[in-house]
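See below for the structure under consideration.
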Number of protein chains: 2
Amino acid sequence: MPSIRHKSEVASPERPTVTSPDDNYLDAAREAILAVGWSRTTLTDIARRAGVSRMTLYRRWPDTQTLLADLMTREWGDVVREATDSGEEATAAQRITGGAVATVRALRGNALLRRIIDVDPEMLLPYLLDRRGRSQDSLAGVLAALVAAGQRDGSVRTGDPDVIARSLVLACHGFALSAHTMTDGPAPARDADVTAYDAELALLVERFLAP
Amino acid sequence: MPSIRHKSEVASPERPTVTSPDDNYLDAAREAILAVGWSRTTLTDIARRAGVSRMTLYRRWPDTQTLLADLMTREWGDVVREATDSGEEATAAQRITGGAVATVRALRGNALLRRIIDVDPEMLLPYLLDRRGRSQDSLAGVLAALVAAGQRDGSVRTGDPDVIARSLVLACHGFALSAHTMTDGPAPARDADVTAYDAELALLVERFLAP
């Protein structure tokens, strides 16, 4: 996965900068999903793409779903880290606002998420209807730490940091998955210009956090 | 469908207070979905429950999907109308805020939506990923009219009323479908107490609209 990875300074879970064997296997799984879709991806296919035996993968992951869950966790973690990594904002509130909009925009353009939406959209349902996934949970945790930091630097209102952070995640769901459905006109819906909604999201987050 | 229906005064599409034959058929379809789920509901089953012939329904709707789409439009329209109908709020902004929270709460408790989520959750995906449904479109239209009214009465900031209204719908998606996933604790997730998130949503909408 030739993506740029920065180390985050504050409150983000560390991602090792040295590539581990796991990363190579997850790269192979990512390739497989992009090629054939989630539900048709098998351990055998991933092993072939990684140039190892099926047994090598099997020793690490009991089944394809567990491996793909690890891939998702890595992928969305990378998206959030890259989107929130500029570090140029003056206050925690500004960092959350910029990071929320950048994350939503990055998710919308993410090749893996697009492929899942095109081929296996029902894979999203558990994370909308049943439970937080590991990535949603981790994102909410990072946000809660930033909210607490903002309460200390005076840029964020009082309130339970977890509830404020999780509310932000809830508010962002629609902007990440559905903003294009709120556009009109002849362009292919998913590639529609949603700049206006990004601007509204920035205002929404900024005002939601303000003291 | 033994729900209470009020006539809305402002900006809501009218719903006839006299029950039409269509309403009886839609009631029968609603019963069928609650009994066997969306994907197993057939025109024959609906006709039987309504006490009419399959041909009677067929003359009105070409297929089950079209009939069920009309049922959804009626159901969500009723939910929104009932939730936004108090008319006691002083300003348009207050009406939007109260209506948004009440609508989200009513959708969460709606028997038909719960049944769809339990049995046929994939029915939701087109309305999240592909296009606005008629009800989302109608709701966005009602909200846009209220936003414009709020811009006239000075309770809502400037901006394109359609973009502001549709942004509110996007922000509400997560609160309606996923708030329970943001709770912790041992209770069955969907019946978890999400009062804290309703309060956050109210604050979010109020601040998002403020001049």
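No donor-acceptor pair under 3.5 Å is formed between the side chain of B:Thr181 and the backbone N or O of A:Arg132. Judged by distance alone, with hydrogens and angles left aside, the side-chain atoms of A:Arg207 form a donor-acceptor pair with the main-chain N or O of B:Ala210 at under 3.5 Å. Side-chain N or O atoms of B:His173 include none that pairs as donor or acceptor with a backbone N or O of A:Ala171 at under 3.5 Å. The main-chain N or O of B:Arg131 is never found under 3.5 Å from a side-chain atom of A:His180 such that the two would form a donor-acceptor pair. Checking side-chain atoms of B:Arg166 against main-chain N and O of A:Met182 turns up a donor-acceptor pair under 3.5 Å.
The nearest pair of heavy atoms linking A:Phe175 to B:Ser167 is CZ-O, 3.6 Å. Closest approach of B:Ala179 to A:Leu170, counting heavy atoms only: CA-CD1, 3.8 Å. The two residues B:Pro121 and A:Leu129 have their closest heavy-atom pair at CB-CD1, 3.7 Å. The shortest non-hydrogen separation linking B:Val163 to A:Tyr197 is O-CE2, 3.7 Å.
Annotation for B:Arg60: atom CZ counts as buried by contact number, over 12 foreign heavy atoms lying within 6.0 Å. Counting heavy atoms of neighbouring residues, nucleotides and ligands inside a 6.0 Å radius, atom CZ of B:Arg40 does not exceed 12 of them.
With a 4.5 Å cut-off on non-hydrogen atoms, A:Ile164 touches chain B through its backbone and its side chain both. Looking at A:Leu125, the atoms closer than 4.5 Å to chain B (heavy atoms on both sides) all sit in the side chain, from C-beta outward.
Put simply, of B:Leu209, B:Leu124, B:Thr183, B:Val205, the one with the most heavy-atom pairs under 4.5 Å next to chain A is B:Thr183. Across B:Arg157, B:Gln136, B:Glu122, the residue that shares the most heavy-atom pairs under 4.5 angstrom with chain A is B:Arg157.
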